[in-house]
Colleague: 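This is the structure I have questions about; it appears just below.
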There are 2 protein chains.
Amino acid sequence: MKSSRSATARTYDFPRPAVTVDVALFRPTAPGTHVRLELLLIRRDLPPFRGDWALPGGFVRENEDLPEAAGRELEEEAGLKQVVLYQVGAVGTPGRDPRGHTVTVLFVGLSRNPGVLSAGGDATSADWFVVDELPKLAFDHAVLVTAARASLRERVEDIRFLQDLLPAEFTLAELQGLTEAVLGTELDVRNFRRKVREAVVATGGVRREGAHRPAQLFRFARGKSRR
Amino acid sequence: MKSSRSATARTYDFPRPAVTVDVALFRPTAPGTHVRLELLLIRRDLPPFRGDWALPGGFVRENEDLPEAAGRELEEEAGLKQVVLYQVGAVGTPGRDPRGHTVTVLFVGLSRNPGVLSAGGDATSADWFVVDELPKLAFDHAVLVTAARASLRERVEDIRFLQDLLPAEFTLAELQGLTEAVLGTELDVRNFRRKVREAVVATGGVRREGAHRPAQLFRFARGKSRR
DNA sequence: TCAAAAGTGTTGAAGATACACCCATGG
DNA sequence: CCATGGGTGTATCTTCAACACTTTTGA
């Protein structure tokens, strides 16, 4: 990209949009019970949309790569590090920010170990919200969240997408619960297990908890994805 | 979105990347023979990469939407209008433009009726290149082209993606040739026809050309896509 | 009558869906 | 012994891949 018409491209004499990143970071609620997805939101303490909740995000800095900016914002605004993100796309509709034209690049992630949420920087507070009960969102963030969820649903078709999210060892019930949370639908136990059979291998260990049969532990097999 | 930390966001006191759009516009070679894809490129007449070929593109203007900017650049640099484009994503790797940090949003399109290429504006010339024999490209445009082709291949899985590209009436051989050009592989005639059967309807007309059986004409049926 | 492209069906394999019962454990 | 979640197999349907010959026409 960047097929500018001027050789002195750094000295623009016209106004231009700013670039931001926004991050839709999801996490599953605790396994065991019915797993649901939660979304990380930041409460805005400055206008516009003061007091509303918004996706973490902010301006991309000069010579900063987009994923880097997304990770930085996540750390600055919620104290989260080492989160795996991927890009969904860019949105630049004029008017989406009342202060001026911004083009945002949307990143999505699924987080394990959410760690401690520290409302750092200028963000009043950060919190997790169940995705089906979100508060009113600032800017066009509701649209972004919809796009983010749709993208997640597509990705999880390849079960290995969840590899970074689960601990090294997990039970198939955990894997299924997480998949169901992302898809928003329930899956048949037997069909699910057949489908993931080639992607995981039993470690031999078991997990005992509660008055019932212990669950075998699995890990992801090496090798490429399927489907 | 735009979760800035300043309420006076328009007065940034730090340097920031510029936003560009780039367009990978493909077209099929003439049907009848073996259909191949060609890509529209613009010859750069200014440094950097002076003399190299590049994707059409340029800076996004203040309060201009991204698809609008992509269409405008296509018109300015190649004289093409009314091309249907869709977005693939954003790339903002520092160093991708030696003049300074730019974030580009990549758009892709498939063009029918390419019209007359007018090397307008500052572009020395515009031309079509068979995708398997591209010249050296400026910036990181080779990467963008690869991403664009991969995206096209995914989209064409839904045959209706080609709806905007074909004339109102077309033969199944034309439809198949175009699909094959996008995929870069050959398809079985019978399987292809079975697959598209529900998406198209015969208009009753035929096209006669050459010393062989005339081809029936089809149009796309109304209704949503499948698969 | 010939060359050239249009058109057409069947079979097998793989993948998806639907569905119900036994197992191992802790309390 | 019972409540709880873990674990398993079969039948059906749909989808995809492979594969070869007949039809219609203009020259």
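Note on naming: letters A, B, ... go to the chains in the order of the sequence lines (proteins, then strands), and numbering restarts at 1 for each one.
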Colleague: Would you call B:Glu73 and B:Val21 a side-chain contact if the rule is heavy atoms closer than 4.5 Å?
Modeller: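 Yes, side chains in contact.
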Colleague: Among C:dC19, D:dC19, D:dT8, which nucleotide sits nearest the side chain of B:Asp188?
Modeller: D:dC19
Colleague: Check if the side chain of B:Arg190 and the base of C:dT10 share a donor-acceptor pair of N or O atoms closer than 3.5 Å.
Modeller: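 No pair found.
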Colleague: Whole angstrom is fine here: how far is it from NZ in A:Lys195 over to C1' in C:dA14?
Modeller: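 Going from A:Lys195 (NZ) to C:dA14 (C1'), I get 14 Å.
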Colleague: Check the distance between D:dG5's P and A:Leu172's CG and give it to me in whole angstrom.
Modeller: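 Result: 17 Å.
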Colleague: Heavy atoms from C-beta onward define the side chain here; which of C:dA6, D:dA18, D:dA11 lies closest to that of B:Arg193?
Modeller: C:dA6
Colleague: In whole Å, I'd like the distance from the CG atom of A:Leu187 to the C1' atom of C:dC19.
Modeller: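 Those two atoms, CG and C1', are 15 Å apart.
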Colleague: Enumerate, atom names and distances included, each donor-acceptor pair closer than 3.5 Å involving a side-chain atom of residues 173-189 of chain B, sequence neighbours excluded.
Modeller:
{"from": "B:Glu174", "atom 1": "OE1", "to": "B:Thr171", "atom 2": "N", "distance (Å)": "3.2"}
{"from": "B:Glu174", "atom 1": "OE2", "to": "B:Arg207", "atom 2": "NH1", "distance (Å)": "2.1"}
{"from": "B:Gln176", "atom 1": "NE2", "to": "B:Glu180", "atom 2": "OE2", "distance (Å)": "3.1"}
{"from": "B:Gln176", "atom 1": "NE2", "to": "B:Leu187", "atom 2": "O", "distance (Å)": "2.9"}
{"from": "B:Thr179", "atom 1": "OG1", "to": "B:Leu175", "atom 2": "O", "distance (Å)": "2.8"}
{"from": "B:Glu180", "atom 1": "OE2", "to": "B:Leu187", "atom 2": "N", "distance (Å)": "2.8"}
{"from": "B:Asp188", "atom 1": "OD2", "to": "B:Arg190", "atom 2": "N", "distance (Å)": "3.0"}
{"from": "B:Asp188", "atom 1": "OD2", "to": "B:Asn191", "atom 2": "N", "distance (Å)": "2.9"}

Colleague: Measure from CZ on A:Phe192 to C1' on C:dG15 and round the result to the nearest Å.
Modeller: 16 Å
Colleague: Output the rounded distance in Å from CG (A:Leu175) to P (D:dG6).
Modeller: 13 Å
Colleague: Using a 4.0 Å cut-off on heavy atoms, which residues in residues 208-218 of chain A reach DNA chain C? List them by number, or say none.
Modeller: A:Arg208, A:Gly210, A:Ala211, A:His212, A:Arg213, A:Pro214
Colleague: To the nearest Å, how far apart are A:Glu186 CD and C:dT17 C1'?
Modeller: 16 Å
Colleague: Under the ring pair (Phe, Tyr, Trp, His ring centres under 6.0 Å) rule, what pairs show up with a residue in residues 67-92 of chain B, not counting sequence neighbours?
Modeller: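 Those involving residues 67-92 of chain B are B:Tyr86-B:Phe161.
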Colleague: Check the distance between C:dG7's C1' and B:Arg207's CZ and give it to me in whole angstrom.
Modeller: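 So the two atoms are 16 Å apart, to the nearest Å.
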Colleague: Calculate the interatomic distance between B:Arg194 atom CZ and D:dC16 atom C1'; express it in whole Å.
Modeller: 9 Å
Colleague: Would you call B:Arg44-B:Asp52 a salt bridge at under 4.0 Å N-O?
Modeller: no
Colleague: Looking at residues at least two apart in the chain, or sitting in another chain, which of them share a ring-ring contact (aromatic ring centres under 6.0 Å, His included) with B:Phe192?
Modeller: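 Here no residue qualifies.
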Colleague: B:Asp164: what forms a side chain to side chain contact (heavy atoms under 4.5 Å, CB included) with it, not counting sequence neighbours?
Modeller: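 Only B:Val84 meet the side chain to side chain contact (heavy atoms under 4.5 Å, CB included) criterion with B:Asp164.
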Colleague: Restricting to ring-ring contact (aromatic ring centres under 6.0 Å, His included), what partner residues turn up for B:Phe26, sequence neighbours left out?
Modeller: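 Listed in chain order: nothing, the list is empty.
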